[in-house]
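Read the structure below first, then the notes.
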Amino acid sequence: MVDPKIQKQRELLPIFPYRQQIIDAIKKKNLLVITGETGSGKTTQIPQYILENFPECRLIGVTQPRRIAAMTVAKRVSEEHGTRLGNEIGYSIRFDDCTSTKTRLRYMTDGVLLREATTDPKLSNYDVIIVDEAHERTVETDVLFGLLKQTYRMRPELKILVMSATLNVEKFSDFFNKCPTMDIPGRMYHVEINHHRDAKISSLKSTYIERAVDTALFIHQEEPPGDVLVFLTGQNDIERACRDLEREARHLRRSDIRYGKHVKAMVVYPLYASLETMEQRAIFDEPPEGTRKFVFATNIAQTSVTIPGIKYVIDSGFVKQKSYDPNTGMDALLVVPISQAAATQRAGRAGRTAPGKAYRLYCRESYEQMDEETIPEIQRSSLLGTVLSLKKMGIQDIINFEFIDPPDPLLVTNALRQLFLLEAIDASGRLTSLGDLMTIFPLNPFLSRVLISSAKEFNCSREIVIIVSMLSAEEVFHSPKNEEKQMIAEEARKQFYHSSGDHMTLLNIFEAYRDCGHDIDWCRERYLNHRALSIAKNVREQIQDIMEKNGLPIISCRRNENSNDEERTRKKRKTYYRETKYDPEPILQSLATAYYIHLSKRHPHRPVFYHYASGAASESVDSNSSLLALHISPTSALYPENKVVKIESLDWLIYHAIVYTNKALMKTVSKIRYNWVEEKMSLFKQLPKTRLDGSEVANKESGQNDDMSENDPVKKNRRIEAIAAAKERALRRRAMAQE
DNA sequence: GAGCACTGC
């Protein structure tokens, strides 16, 4: 039953007066862009308006970038609607499908809808698709846009709604055939913006932490009560700033009589994603009377986490951002200036419950020089998985796929070459049967490739499923800051080390975690990340399920139990954990079927390694004749100082990923033999002979023989311009980061 | 002897 109180609340939302107008617009047009600030009620109300006024509509899909949002919104809406969650209104997120055959309104993550599209590109179950939070421009929403535009041509009766914050409106509308737009006012309080008098953002990079602390002190001394949110870039920054503020405040309290004009006491909290104490919900509580709360946070506070009661925001002007370099195939995490849109969003965090103030540590001129919008993720990520999904949907010509902001073609070719090396596509860019099978897994294509070879060639799929699950979760080792604790953590880690490297070490950890009954305290004592292990456990179950459904056998390469080797080895070498329980060879060979692409060779005299031949990387490295030295990460079992193996015994390593900081560090490495991968290496030589961009196939299929993959000159020019602009922005960002 | 922002299938 619908609660009259809830009905009243719905009618008080800023969107309610626009109800009829919205319904009419949706009736008249199948494409529509709706903008509105936070608090307008668009996410919860518009889908209900459709539900109530379009009885012929079978299923409405609403996508969200985050799991939590999909879940909580669905819950709220089902309450408003007076039905049980999972009946008429439900949600679908990975590991948790709360829908039924009765469901007519389904909230989900954009990733879930995208996966659904790989098997049903027409999205034939849906009559309405709503893409919410479109301004966030995740890779998934951007791909959905291109896909929806295509689907719309095949199914013009499909209704598509794009919902976004009040930015980018024209861009979205232009993309969807110049469709109409509507703006819904939000419920936000005024935020007064204060720029620094003269600080240029280019000179701020080395000083923003202390300036942020100074500004925090200033607010504490001069401003009326109200909590403070400070945006910094990472864990180190945040911990330092927290310490500094507390120290400075102590000094000041002793020396300055003006201290505490308005507020006497303070509490200071850090906030970042890997913080285990997210469960210590104190951050979200109201501080005691006469105490001011300070929260030093990463970008997590810009979109994902809302802290109530914030009246003041301090914006450093920087963010730590991932950017993938297709030339080297490396991901770098760089501290870069934010965009104007991000600055606005940060300031807005001060006006959620009352009027507020934002202090920007940079001057107005610097603000005006910032990019208007954050560069969409699709222009700074590896597109490997995306390209494979698109191929599976039957889209051959990826370079000319209609992206709202096209990625650098280099990113696309880089992905295509890697897919060729994984044998997922052939020399003309067509999906192979192996590639087709790889798309059944919700994983990075490298990992999908390994899973298939473990089941079909090497008979060790039980173990590989575990290793793959661990690799797709977060970092398992927790590194404490405190020196003494660090020693304990290192000792604990040694217990799991395997002499072949980190992949077998991950297997050891997972099995030990299972043997202890998935105990959280057991993890804490060993400084293992419980959250990572529990995700791995879920992923493992999901993968096993998928394999069984697709006829891929789960086979173990565990040795016979009657051997006493295991016990003997453990006694002899106390630091090793179950060194002999498995034969590592098939496991490593199976990993090498994909990770030969990440092969490195040791320098004959120095403790560093070099890329042996990795697609794009080997080319640019060879032509510059300046090889990039790769180091083994200190957390690795094979790190020489950990004394598990001698570095001289390592000749060839495969690595899972490189993190680039001051040095290029290989994370998660294992020792392999070259003859395992020798045959595969010939695929590198075939690369130059391929036409992977799919233009050839696409043109043949559409009856054209033109070598040019794009025939409309206007469209082509627009695309080239967009790409050039993106490249220039990327260069500027890099230059800025290196200053 | 190094240090990793945030999501998601």
Side-chain angles (χ1 to χ4, degrees), chain A residues 63-70 92-97 108-119 133 136-141 143-144 231-240 271-275 297-305 316 318-323 331-336 338 342 374 377-378 380-381 385-386 388-389 392 438-445 447-448 469 472-475 477-481 483 486-487 490 529 532 535 538-539 542-543 546 607 631-636 639-643 657-667 737:
Chain A
T63 72
Q64 295 288 327
R66 280 170 294 279
R67 297 163 52 95
I68 298 247
S92 301
I93 57 181
R94 190 185 191 183
F95 307 130
D96 191 3
D97 181 11
M108 61 193 137
T109 48
D110 42 22
V112 166
L113 185 62
L114 210 56
R115 272 213 78 74
E116 214 176 314
T118 55
T119 49
E133 310 286 2
E136 290 199 24
R137 305 294 307 275
T138 63
V139 173
E140 285 82 7
T141 25
V143 175
L144 274 175
F231 285 100
L232 297 177
T233 62
Q235 183 174 346
N236 274 335
D237 282 10
I238 287 168
E239 272 163 10
R240 208 186 106 193
L271 175 65
Y272 45 85
S274 64
L275 203 66
T298 60
N299 239 22
I300 194 170
Q302 194 178 301
T303 48
S304 312
V305 175
S316 66
F318 288 97
V319 67
K320 209 175 269 188
Q321 202 173 58
K322 195 168 80 174
S323 91
D331 255 335
L333 215 46
L334 306 172
V335 173
V336 295
I338 58 170
T374 306
E377 215 186 334
I378 202 156
R380 48 185 172 85
S381 317
T386 305
L388 182 62
S389 308
K392 171 67 184 174
M438 278 162 68
T439 64
I440 64 174
F441 298 107
L443 295 167
N444 153 357
L447 298 177
S448 308
S469 307
S472 73
E474 309 164 36
E475 175 73 59
F477 295 123
H478 177 244
S479 304
K481 278 272 169 291
E483 233 171 85
Q486 215 165 39
M487 291 274 285
E490 270 170 40
N529 179 352
I535 293 170
N538 272 332
V539 175
Q542 189 193 12
I543 293 174
I546 292 173
H631 299 254
I632 299 176
S633 162
T635 51
S636 168
Y639 184 68
E641 299 283 312
N642 287 333
K643 297 192 170 43
I658 289 180
V659 289
Y660 191 79
T661 53
N662 292 324
K663 283 180 188 172
L665 289 181
M666 296 182 282
K667 298 282 272 190

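No side-chain donor-acceptor contact under 3.5 Å links Ser636(A) and Ser633(A).
Looking at heavy-atom distances under 4.0 Å, Val112(A) makes contact with sugar-phosphate atoms alone, never a base. Residue contacts for Gln486(A): at a heavy-atom cut-off of 4.0 Å it reaches a base atom on one of the strands shown. Residue Glu490(A) is in base contact, counting any heavy-atom pair closer than 4.0 Å across all strands shown. Residue Ser633(A) is classed as having no contact, given no heavy-atom separation below 4.0 Å to the nucleic acid.
Annotation: salt bridge (charged side-chain N to carboxylate O under 4.0 Å, His left out) contacts of Glu475(A) (sequence neighbours excluded): Lys667(A). Scanning for salt bridge (charged side-chain N to carboxylate O under 4.0 Å, His left out) contacts around Lys392(A) gives Asp436(A), with sequence neighbours left out.
With distances taken from any side-chain atom of Leu665(A) to the nucleotides dC4(B), dA2(B), dT7(B), the minimum falls on dA2(B). The nucleotide whose nearest atom lies closest to any side-chain atom of Lys320(A) is, among dC4(B), dA2(B), dC9(B), dC4(B). Considering only side-chain atoms of Tyr639(A), the nucleotide from dC6(B), dG1(B), dC9(B) that sits closest is dG1(B). With dA2(B), dT7(B), dC4(B) as the candidates, the nucleotide lying closest to the side chain of Ala273(A) is dT7(B). The side chain of Lys667(A) lies closest to dC4(B), out of dC9(B), dC4(B), dA2(B). Closest approach to the Arg66(A) side chain among dT7(B), dA5(B), dA2(B) is made by dT7(B) (side chain taken as heavy atoms from C-beta onward). The nucleotide whose nearest atom lies closest to any side-chain atom of Lys663(A) is, among dA2(B), dG8(B), dC4(B), dA2(B).
Nearer to the 5' terminus of DNA chain B, by closest-nucleotide assignment, is the contact made by Gln235(A) (compared with the other of Gln542(A) and Gln235(A)). Each of Phe441(A) and Thr233(A) was assigned the nucleotide of DNA chain B with the nearest heavy atom; the assignment lying further toward the 5' end belongs to Thr233(A).
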